[in-house]
Trainee: 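Below is a structure I'd like to ask you about.
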Amino acid sequence: MPPPTVPFFLTSTTLAAAAAKPQGRPPSPAQMQQQPRDEQDASREACASYAARMRLNPQLALRLFDHLVRSGADPDHVAYALALGRCERERDRRAAAQLHAHAAKRGAASHRRVRNGLIHAYAVSGMLFDARKVFDRGHEGDTVAWNSLLRGYAAAGDVKALREFFAGMQARDTVSWNTIIAWCVENGEYEEAIAVFRDMLANRECLPDRVTLVSVISAITYLGALAQGLWAHAYVCRKGIQVEERLSSALINMYSKCGYIEGAVYVFENLGAKMSVDTWNAMLAGFTANGEKALELFARMEITGLVPNKITFNTVLNACSHGGFVEEGIDCFERMTKVYGIEPDIAHYGCMVDLFCRAGLFDKAEKMIQMMPMKPDAAVWKALVGACRTHRNFELGKKAGHRLIEAAPNDHAGSIEIDGVIHEFISGDKSHSSKEDIYEMLSEMCRQLKVAGYVPDTSQVLLDIDDEVVKESSLALHSEKLAIAFGLISTASGTPIRIVKNLRVCGDCHNAVKLLSKIYRRCIIVRDANRFHHFREGSCSCGDFWNPLLSLAPDGPLPTAHPLLLFDSKL
DNA sequence: CTAGGGTTAG
C-alpha cells in the first residue's frame with residue numbers, strides 16, 4: 001500500500017492556487033523550447049510509464065497521476081485523460097475540478113482530449129453547467145464533445161432537454177443515437193428505444209453498430225418480442241456486425257427470455273472461440289429460466305477450464321433451488337468458496353435459503369440466515385415466506401412476513417408495462433378486433449376443459465367477489481386464456497403458441513393451460529413476470545413449483561396482495 | 001487515453 005499522502009488535487013493549497021489563478025498562462029512555445037532536451041525526454045518517459053500503470057490499474061489512476069506530478073514530470077494529455085476517466089467513472093466532481101485547474105495552469109486544458117475528458121467527467125457527475133462552459137470554449141465539429149454533453153443530458157434525466165439537445169446537435173453519429181437508445185432502455189422506455197432505432201434506420205445519417213444492437217436487443221428482450229428479436233438477429237448477420245461477447249450475451253438472453261431456448265442454444269453453440277464466462281452465464285441463466293438442465297451445462301463449463309464467477313454461481317444455485325437439487329446446491333456453494341475462492345454475497349446466501357426453503361428444510365434455511373455475515377434482505381424473507389406458504393408452515397411464515405414488510409414496505413409496487421407487438425389482451429377485454437371468433441373459441445375451450453375434468457379453482461381470486469358464478473367467469477376471461485384462444489384460431493395447428501405476461505400466471509390458468517396443451521396438442525409457452533412455462537402434453541416445465549399458492553387450501557391465510565391479471569400482451 | 005453496451009432474480 002502506498003503511503004497515505006494527500007493527492008495534490010485534494011490539498012487546500014492547490015485549491016487556493018487554482019482559485020487565485022484559474023486560467024494560468026500556458027507556457028509559450030518559446031518557453032517550451034527553452035526546456036532542456038533530456039528533461040523533456042525524461043518527462044515523456046515518465047508519462048508513458050505512468051500511463052501504462054494507470055491503464056493496468058484504473059482504480060489507482062488518480063494516485064498515480066499524483067505520483068507523476070510529484071516526480072516533477074509534466075503530465076501529457078494521456079495522463080490527464082486517464083485521470084479524468086477515473087473521475088468520470090467515480091462521479092468525482094471534486095477531483096475533476098482539481099484536474100481542470102491543474103490542466104489550465106499548465107496550458108493543457110485546451111487539448112482536445114483533455115477538454116473532452118473534462119466535459120464527460122463534469123457532464124455525468126451532474127455538473128452540466130461546468131461541462132457546458134468547457135464545451136463552449138471551442139468545440140467546432142467535435143462529435144466527441146457533443147456526445148459527451150449529450151451523455152450529460154441523459155444522465156441528468158431531463159427528457160425534454162435531452163431531446164432538444166439531440167435535435168439541435170450539429171453532428172450526430174452512431175454514438176449519439178446509441179446514447180439516446182441506451183437512455184430509453186435504462187429508463188424502461190423499451191417501445192421508445194425501438195422507435196428511436198426505427199428513426200435511426202430511416203434517417204440513414206449513420207449506420208447502427210454492435211453497440212446499437214446490444215441496446216435494441218435488450219429492449220426487445222424486456223418486451224419479450226421474439227419476432228423483433230429474430231429480425232434484429234437477422235440484421236446482425238446480414239450486415240456482418242461482429243458478434244462479440246456482449247452482443248452474443250444479449251442475443252442468448254433475448255432468445256432465452258422470449259422462451260425460444262433453441263435460438264439461444266444456436267447462438268451459443270456457434271460462438272466458437274468467442275465463448276467467455278459471460279456468454280456461459282447468459283446461457284446458464286437461459287437454461288435455468290426455461291427449465292432446462294443448467295447443472296449439466298455448468299459441468300460442461302467446468303470442463304472447458306473457464307473460471308466461473310459470482311454471477312455464474314448465483315445462476316447455478318438458482319437452478320439448484322428451482323430444480324430441488326439440495327445436495328448439488330450445497331456442493332456448488334462449497335466449491336464456490338473452496339475451489340474458486342469466491343466470497344459468497346447476499347444473493348448467494350439468498351439462493352441457499354431459497355434452496356432449503358423450497359425443499360421444506362426450514363431449520364437449515366434458518367441456520368443459513370443466522371450464518372450469513374450480512375443482514376438478510378427482502379429476497380431472503382420473500383423466499384422464506386413463499387416456502388412457508390407452500391409447506392403450510394404458518395408460524396414461521398408469519399415471522400418471515402413481518403421481516404419482509406420491514407425490509408421492503410413497497411414490495412408490490414410496479415406493473416411493468418408491456419405493450420403487445422401483435423395483440424394485446426387485458427383481463428376481461430372485449431374490445432379485440434376478432435373478438436367474436438375469440439369468444440367462440442373460448443367457450444369451445446371451456447367445453448373441452450370440462451370434458452377433460454377441469455374444475456375452476458376460484459381460491460386465488462382475491463378481489464372481493466362473493467358470487468361464485470361471477471368468480472368463475474372472471475377466471476375464464478383471464479388474459480392468457482384469451483390469448484390462447486386467439487393463438488389457436490390464428491395459427492396453423494401444431495405451431496407453438498407464445499404468450500408474454502407481465503404478471504405471474506395464476507394457479508387456475510396454469511392448470512387450464514396444462515390441459516389445453518394436451519387437448520389441442522400444442523406447445524404453449526408462457527412467460528410470466530418471473531420465468532417461463534413450457535406447456536406440453538399436459539405438463540409444464542416448471543414442475544408446478546413456481547406458485548406457492550397452488551398447494552394452499554382455499555381457507556388458508558391470505559397472502560399480501562396477490563396480483564390479479566390486469567394487463568398482458570400478445571403472442 | 002475522450003462519446004454508446006450484456007450476463008443473477010426472489
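Nothing here was measured: the structure is a model prediction, and the numbers come from that model. Per chain, numbering begins at 1; letters A, B, ... match sequence-line order.
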Trainee: May I ask you to decide whether A/Asp142 forms a salt bridge with A/Arg115, counting only side-chain N to carboxylate O separations under 4.0 Å?
Mentor: yes

Trainee: Looking at A/Asp92 and A/Arg86, is there a salt bridge between them, counting it only when a charged N and a carboxylate O are closer than 4.0 Å?
Mentor: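 Salt bridge between A/Arg86 and A/Asp92, a charged N being under 4.0 Å from a carboxylate O: no.
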
Trainee: Taking the minimum atom-to-atom distance to the side chain of A/Val211, which one of B/dG4, B/dA3, B/dT2 wins?
Mentor: B/dG4

Trainee: Side chain of A/Asn147, heavy atoms from C-beta onward: which of B/dA3, B/dT2, B/dT7 has the nearest atom to it?
Mentor: B/dA3

Trainee: Between A/Asp76 and A/Arg44 (salt bridge meaning N to carboxylate O under 4.0 Å), is one present in this structure?
Mentor: no

Trainee: Tell me: CD1 of A/Ile311 to C1' of B/dT8, nearest whole Å?
Mentor: 6 Å

Trainee: For B/dT2, take OP1 and OP2 only and decide whether either is under 4.0 Å from a side-chain N or O of A/His120.
Mentor: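 Result: no.
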
Trainee: Any side-chain N or O of A/Asn116 less than 4.0 Å from the OP1 or OP2 oxygen of B/dA3?
Mentor: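 No, outside the criterion.
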
Trainee: Can you figure out which of B/dG4, B/dG5, B/dT8 approaches the side chain of A/Thr179 most closely?
Mentor: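 Out of B/dG4, B/dG5, B/dT8, the nucleotide with an atom closest to A/Thr179's side chain is B/dG4.
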
Trainee: Whole-Å distance between B/dT8 C1' and A/Ile346 CD1?
Mentor: 14 Å

Trainee: Whole-Å distance between B/dA9 C1' and A/Asn290 CG?
Mentor: 14 Å

Trainee: Would the base of B/dG5 count as contacting A/Glu244 through its side chain, where contact means a donor and an acceptor less than 3.5 Å apart?
Mentor: yes

Trainee: Among the nucleotides B/dG10, B/dG4, B/dT7, which one has an atom lying closest to any side-chain atom of A/Arg358?
Mentor: B/dG10

Trainee: Whether A/Lys274 and A/Glu245 form a salt bridge (side-chain N of Lys/Arg under 4.0 Å from carboxylate O of Asp/Glu) is what I want to check.
Mentor: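 Salt bridge flag = no for A/Lys274 with A/Glu245.
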
Trainee: Taking only side-chain nitrogens and oxygens of A/Lys310, does any of them come within less than 4.0 Å of OP1 or OP2 of B/dA9?
Mentor: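 For A/Lys310, the contact criterion (side-chain N or O under 4.0 Å from OP1 or OP2 of B/dA9) is not met.
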
Trainee: Look at all strands and tell whether A/Asn309 reaches a base, only sugar-phosphate, or nothing, counting heavy atoms closer than 4.0 Å.
Mentor: nothing

Trainee: CG of A/Asp209 versus P of B/dG5: gap in Å, rounded?
Mentor: 11 Å

Trainee: Please name all residues satisfying side chain to side chain donor-acceptor pair (under 3.5 Å) with A/Asp199, sequence neighbours left out, ordered by chain then number.
Mentor: none

Trainee: Return the nearest nucleotide to the side chain of A/Ala182; candidates are B/dT2, B/dT8, B/dG5.
Mentor: B/dG5

Trainee: Measure from the side-chain heavy atoms of A/Arg246 and tell me the nearest of B/dG5, B/dT2, B/dT7.
Mentor: B/dG5

Trainee: With heavy atoms under 4.0 Å as the rule, sort A/Arg151 into base, sugar-phosphate or nothing.
Mentor: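 Result for A/Arg151 = sugar-phosphate.
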
Trainee: Please confirm whether any donor atom in the side chain of A/Arg113 sits under 3.5 Å from an acceptor in the base of B/dC1, or the reverse.
Mentor: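 Yes, a donor-acceptor pair under 3.5 Å.
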
Trainee: Rounded to whole angstrom units, what separation is found between the CG atom of A/Leu162 and the P atom of B/dG4?
Mentor: 13 Å

Trainee: Give A/Ser176 one of three labels, base, sugar-phosphate or nothing, depending on what nucleic acid heavy atoms sit under 4.0 Å from its own.
Mentor: nothing

Trainee: Nearest to the side chain of A/His77, which nucleotide is it out of B/dC1, B/dT2, B/dT7?
Mentor: B/dC1

Trainee: Can you tell which of B/dC1, B/dG10, B/dG4 lies closest to the side chain of A/Leu82?
Mentor: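 Given the options B/dC1, B/dG10, B/dG4, the side chain of A/Leu82 is closest to B/dC1.
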
Trainee: Quick one: does NZ or CZ of A/Arg132 land under 6.0 Å from the six-membered ring centre of A/Phe129, within 45 degrees of the ring axis?
Mentor: no

Trainee: Go through B/dT7, B/dG5, B/dG4 for me and flag the one nearest to the A/Val214 side chain.
Mentor: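 The closest nucleotide is B/dG5.
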
